[in-house]
*Asks:* 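Before anything else, here's the structure in question.
Position 1 is the first residue of the sequence; numbering continues from there.
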Amino acid sequence: MHSANKHAFQAAAIAAENESAIDSELNILRDVFRLLPAGVTVQDERGEFLLANDAAMTLLQPTLLQMTAAEPAPSQAGDRRETCLELLRSGRAAVLEEAVTSGQTKQIFLTSHRPVRIADRNFLLSSSADITEQKAFEDQLFRSAYYDELTGLPTRRVIEHRVNSLLQRDDGQGHFALAFLDVDNFKHINDYYGHTIGDSLLVEMAKRLGLDLRESDILSRISGDEFVLLLNPIQSESEVAEFIAFILQRMKAPFFIDDSEIFASTSIGVSLYPEHGRSYDVLRQNADIAMYRVKNSGRGAAAFFDSSMEREAQARTKVEQSLRLAILEKRFCCAFQTKVDIRTKEVKGIEALVRLRDDEGVIQAPGTFINLAVELGLIDELTHLVLAEIVKSIDLINETFGPDTTISINVAAKQAGNSEFMRPFAQAIEATGFPKRFMVEVTEDAFVTKTHFQDEILPIFRRLGVGISIDDFGIGYSSLSALADITADEIKIDRSFITDIHKRPRSQGILRAIESLSEALGMTVVAEGIETFEELAYLQAATKIRYAQGYYFSRPIFLEDLKPAIPLASEARASLSSRPAQESRPVYSRSGGYRR
């Protein structure tokens with residue numbers, strides 16, 4: 001009996017020890033479960049939470065509290081319960097993203113669900129990891145790839161993908177329109193108001209362009225000031241024309257940005273599917289071609305593509321290729337137009353005018369290539385070629401026009417505010433050894449826009465003794481009051497004010513105002529485009545203007561055609577003194593290319 005009791009006691013001790021070990025292991029398992037970094041939960045057949053570790057409580061606390069609350073579960077908790085029940089019914093595992101919102105905070109979890117059967121009961125084991133930061137980073141990458149950062153509009157890639165999808169699904173019955181939109185004079189707006197306001201303007205324009213679009217339409221920003229609009233579906237061309245006209249009218253209203261009232265217009269080209277192309281690239285290109293037709297004929301309007309535009313584009317491409325080849329082969333040359341003292345008949349200066357020899361050796365006026373050179377970014381190299389031609393010909397220039405004549409060279413408006421071009425250009429002028437003979441001609445918007453020309457570039461030329469001339473004054477963006485802030489040496493009055501000046505009292509009044517203000521500011525006035533004796537006689541009799549240029553005095557002259565033994569100065573004086581007062585001259589035309 002004593003032995004039996006002893007064995008019973010030992011068995012009880014072993015059982016107690018085993019039970020203690022099991023409890024210890026269970027405590028360890030509970031602690032491990034509780035401290036797991038992933039949120040782990042167990043739900044029963046009814047979707048009720050049986051277990052949840054600390055991470056799960058932290059991550060899912062809003063949901064757990066809502067699900068255990070007395071009031072009906074909100075949709076978020078209800079969705080979690082429905083997911084559990086569905087997975088338990090189907091018996092399949094799943095990996096799902098879950099969004100949990102608490103106040104203003106939203107968290108994203110990646111949750112792995114696995115149905116299990118234990119002790120004849122069904123449970124759902126779930127493990128959740130917080131991927132909020134990862135998702136935010138992925139969203140940022142996605143938006144940067146597919147959405148424009150400034151305007152929030154879809155990028156080129158998105159609209160191209162949508163059009164290609166439409167083309168793949170097309171059964172021959174689909175019709176849509178692709179419109180290419182370009183903001184007019186956006187560079188000038190950027191220069192004048194600054195890039196911050198320019199960016200704000202693009203944002204506001206995007207908002208206006210996006211009004212009244214259907215869910216099936218897409219507006220995309222594809223580059224700086226360029227947008228592409230997909231209108232899908234469409235019933236007719238007239239329907240598209242009416243909507244585009246509505247857009248143009250809406251864009252005419254002023255934009256109010258940072259206390260500035262800004263007027264901006266948009267040029268629009270439109271292509272239709274399938275009439276104008278059966279691929280995105282062709283439709284996009286044809287809409288672009290139509291837009292350029294608008295740009296070249298006035299801007300602020302719209303045009304639909306037609307086959308004649310394609311021929312024009314092909315011709316333009318041919319000119320572009322010829323221009324690049326001509327620069328590579330240095331087939332440019334200079335002609336020189338004289339600046340004459342209308343009182344003494346002496347040549348006081350010359351202006352270098354660039355000309356292009358085409359493949360057949362025919363001289364082409366700059367009207368056929370200058371704007372294209374600016375657009376293609378070739379104007380800088382072309383300007384340096386002109387300077388090199390002047391330096392190479394300086395002995396003949398001196399012999400022909402005299403060693404004291406000034407030499408004017410044109411700089412495009414796009415170049416004037418670009419220090420990366422103007423600084424090396426100033427150094428190149430200095431390297432000629434005679435910088436004080438040069439006069440740099442820039443258009444007036446180089447002064448009145450917020451570029452670096454006046455503050456940074458102009459002082460460089462001043463130190464070199466290079467003169468500054470305002471070309472084509474009166475037809476740009478400035479006003480008489482703007483002259484007070486301009487530190488130029490010369491003003492060249494555009495020929496539009498000089499033509500038939502003796503017959504036009506209003507032009508005479510404008511001329512007197514410019515002349516008086518220029519005299520007060522110490523600037524020399526030059527009249528451009530004198531063509532008739534009557535225009536010259538009026539300037540001599542009614543104004544104090546001393547200098548003029550124009551076809552009346554001389555055509556642009558190629559040095560290679562001159563006879564060095566007969567200097568142009570003498571020839572010009574003899575020509576002026578012997579010319580009959582009413583001599584008929586061909587009409588001088590800027591578009592004819594005698595001046596750039």
*Asks:* Please walk me through it: do Glu441 and Lys492 pass salt bridge (charged side-chain N to carboxylate O under 4.0 Å, His left out)?
*Replies:* CA-CA 9 Å; Glu441 294 194 8; Lys492 301 181 76 172; 2.7 Å; yes
*Asks:* How long is the span from the OG atom in Ser307 to the CD1 atom in Ile289, to the nearest 0.5 Å?
*Replies:* 11.0 Å
*Asks:* Within the side chain of Gln415, is there an N or O that forms a donor-acceptor pair under 3.5 Å with the backbone of Ala412?
*Replies:*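 The answer is yes, because a donor-acceptor pair under 3.5 Å joins these two groups.
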*Asks:* Please find the pair of heavy atoms, one from Gly198 and one from Asn190, that lie closest to each other, and give the distance.
*Replies:*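 For Gly198 versus Asn190, the nearest heavy atoms are CA-OD1, 3.4 Å.
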*Asks:* Can you tell me how far the CD1 atom of Ile409 sits from the CG atom of Leu387, to the nearest 0.5 Å?
*Replies:*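 One gets 5.0 Å once the value is rounded to the nearest 0.5 Å.
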*Asks:* Using the benzene-type ring in the case of Trp, are the ring centres of Phe533 and His502 under 6.0 Å apart?
*Replies:* no
*Asks:* Answer yes or no: is there an ion pair linking Asp182 with Lys295, defined by an N-O contact shorter than 4.0 Å?
*Replies:* yes
*Asks:* Ignoring hydrogens, what is the shortest heavy-atom contact between Ser308 and Arg293? Give both atom names and the distance.
*Replies:* OG-NH2, 3.5 Å
*Asks:* Any idea which heavy atoms bring Asp489 and Val466 closest together, and the distance?
*Replies:* OD2-O, 4.4 Å
*Asks:* Closer than 3.5 angstrom, by distance alone: can the side chain of Ser279 be matched with the main-chain N or O of Val282 as a donor-acceptor pair?
*Replies:* yes
*Asks:* Ala416 and Val411: which non-hydrogen atoms are nearest, and at how many Å?
*Replies:*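 Shortest heavy-atom contact: N-CG1, 3.9 Å.
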*Asks:* Determine whether a donor-acceptor pair (N or O, by modelled atom type, separation under 3.5 Å) exists between the side chain of Ser469 and the backbone of Asp471.
*Replies:* no
*Asks:* Have Gln549 and Gln337 got a donor and an acceptor in their side chains that come within less than 3.5 Å?
*Replies:* yes
*Asks:* Would you sort out whether Tyr547 and Val525 count as a side chain to side chain contact (heavy atoms under 4.5 Å, CB included), showing the intermediate values?
*Replies:* CA-CA 7 Å; Tyr547 303 104; Val525 178; over 6 Å; no
*Asks:* How about Phe332 and Leu323: do any of their side-chain heavy atoms sit closer than 4.5 Å?
*Replies:* yes
*Asks:* Closer than 3.5 angstrom, by distance alone: can the side chain of Arg504 be matched with the main-chain N or O of Thr499 as a donor-acceptor pair?
*Replies:* yes
*Asks:* Any Lys/Arg nitrogen of Glu346 or Lys348 sitting under 4.0 Å from an Asp/Glu carboxylate oxygen of the other?
*Replies:* yes
*Asks:* Could you tell me if the side chain of Leu229 sits less than 4.5 Å from the side chain of Ile247, heavy atoms only?
*Replies:*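 In contact.
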*Asks:* So how far is it from Ile197 CD1 to Leu202 CG, rounded to the nearest 0.5 Å?
*Replies:*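 Atom-to-atom, Ile197:CD1 and Leu202:CG are 12.5 Å apart.
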*Asks:* Does Cys334 reach the side chain of Leu353, with side-chain heavy atoms less than 4.5 Å apart?
*Replies:* no
*Asks:* Under 3.5 Å, is there a donor on one side chain and an acceptor on the other for Asp494 and Ser496?
*Replies:* yes
*Asks:* Please assess Asp225 against Ile189 for the test side chain to side chain contact (heavy atoms under 4.5 Å, CB included), listing each intermediate value before the final yes or no.
*Replies:* CA-CA 11 Å; Asp225 61 343; Ile189 294 172; over 6 Å; no
*Asks:* Do Glu519 and Lys544 meet the salt-bridge criterion of a basic N to acidic O distance under 4.0 Å?
*Replies:* yes
*Asks:* Would the distance check show the side chain of Arg284 and the main-chain N or O of Ala287 forming a donor-acceptor pair, the cut-off being under 3.5 Å?
*Replies:*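 No, because the side chain of Arg284 does not come within donor-acceptor range (under 3.5 Å) of the backbone of Ala287.
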*Asks:* I'd like to check the side chain to side chain contact (heavy atoms under 4.5 Å, CB included) partners of Ala548; sequence neighbours left out, ordered by chain and number.
*Replies:* Ile342, Ala527, Ile530, Phe553
*Asks:* Mark yes or no for whether Arg250, through its side chain, and Arg208, through its backbone, hold a donor-acceptor pair below 3.5 Å.
*Replies:*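 Judged by distance alone, yes, a pair lies under 3.5 Å.
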*Asks:* Less than 4.5 Å apart, any side-chain heavy atom of Ile470 and any of Val442?
*Replies:*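 Result no, sub-4.5 Å side-chain heavy-atom pair not found.
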*Asks:* So which heavy atom on Val294 is nearest to which on Ala302, and how close?
*Replies:* CG2-C, 3.7 Å
*Asks:* Is there a side-chain contact between Glu490 and Ser518 in this structure, where contact means two heavy atoms from C-beta onward sitting under 4.5 Å apart?
*Replies:*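 Not touching, per the 4.5 Å side-chain cut-off.
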*Asks:* Heavy atoms, side chains only, cut-off 4.5 Å: are Met291 and Asp288 in contact?
*Replies:* yes
*Asks:* Within the 4.5 Å heavy-atom criterion, are Leu382 and Ile379 side-chain neighbours or not?
*Replies:*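 Counting from C-beta outward, Leu382 and Ile379 do come under 4.5 Å.
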*Asks:* Which heavy atom of Ala290 sits nearest a heavy atom of Met309, and at what distance?
*Replies:*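 Smallest heavy-atom distance, with atoms named: CA-SD, 3.5 Å.
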*Asks:* Sorted by first residue and then second, give each side chain to side chain donor-acceptor pair (under 3.5 Å) pair with at least one member in residues 255-268; sequence neighbours left out.
*Replies:* Asp184-Ser265, Asp184-Ser267
*Asks:* How many angstroms lie between CZ in Arg423 and CD1 in Ile457, if you round to the nearest 0.5 Å?
*Replies:* 7.0 Å
*Asks:* Can you check side chain to side chain contact (heavy atoms under 4.5 Å, CB included) on Phe497 and Leu511, steps first, answer last?
*Replies:* CA-CA 7 Å; Phe497 295 102; Leu511 186 62; 5.6 Å; no
*Asks:* Walk me through it: do Glu237 and Leu272 pass the test side chain to side chain contact (heavy atoms under 4.5 Å, CB included)?
*Replies:* CA-CA 8 Å; Glu237 179 177 327; Leu272 304 175; 3.8 Å; yes
*Asks:* Just wondering, do Val240 and Ile244 contact through their side chains at under 4.5 Å, heavy atoms?
*Replies:* yes
*Asks:* Could you go through residues 425-438 and list every donor-acceptor pair under 3.5 Å that involves a side-chain atom there, pairing it with any protein atom two or more places apart or in another chain?
*Replies:*
from: Thr432; atom 1: OG1; to: Ile429; atom 2: O; distance (Å): 2.5
from: Thr432; atom 1: OG1; to: Phe434; atom 2: N; distance (Å): 3.3
from: Arg437; atom 1: NE; to: Pro403; atom 2: O; distance (Å): 3.4
from: Arg437; atom 1: NE; to: Thr405; atom 2: O; distance (Å): 3.1
from: Arg437; atom 1: NH1; to: Asn398; atom 2: OD1; distance (Å): 2.5
from: Arg437; atom 1: NH1; to: Pro403; atom 2: O; distance (Å): 3.4
from: Arg437; atom 1: NH2; to: Asn398; atom 2: OD1; distance (Å): 3.1
from: Arg437; atom 1: NH2; to: Thr405; atom 2: O; distance (Å): 3.1
from: Arg437; atom 1: NH2; to: Thr405; atom 2: OG1; distance (Å): 3.3

*Asks:* Report yes or no: does Ser554 contribute a side-chain atom to a donor-acceptor pair with the main-chain N or O of Gly550 at less than 3.5 Å?
*Replies:*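 Absent.
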*Asks:* Run the salt-bridge test on Lys392 and Glu389 with the 4.0 Å N-O cut-off and return the result as yes or no.
*Replies:* yes
*Asks:* Between Glu351 and Lys339 (salt bridge meaning N to carboxylate O under 4.0 Å), is one present in this structure?
*Replies:*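 Looking at Lys339 together with Glu351, the answer is no, because their closest N to O distance does not fall below 4.0 Å.
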*Asks:* To the nearest 0.5 angstrom, please state how far the CG atom of Leu396 sits from the CD1 atom of Ile390.
*Replies:*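 Going from CG on Leu396 over to CD1 on Ile390, the span is 13.0 Å.
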*Asks:* Would you compute the distance between atom OH of Tyr280 and atom CG of Leu283 and round it to the nearest 0.5 angstrom?
*Replies:*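 Reported to 0.5 Å precision, the distance equals 9.5 Å.
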*Asks:* Using modelled atom types and a 3.5 Å cut-off, is there a donor and acceptor pairing between side-chain atoms of Asp341 and backbone atoms of Thr344?
*Replies:* yes
*Asks:* If only atom types and distance count, is the side chain of Glu535 paired as donor or acceptor with the main-chain N or O of Glu531 below 3.5 Å?
*Replies:*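 Yes: the side chain of Glu535 pairs with the backbone of Glu531.
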*Asks:* Return yes if some donor-acceptor pair links the side-chain N/O of Arg343 with the main-chain N/O of Ile545 below 3.5 Å, else return no.
*Replies:* yes
*Asks:* Parallel, tilted or perpendicular, judged at 30° and 60°: which one describes the rings of Phe336 and Phe401?
*Replies:* tilted
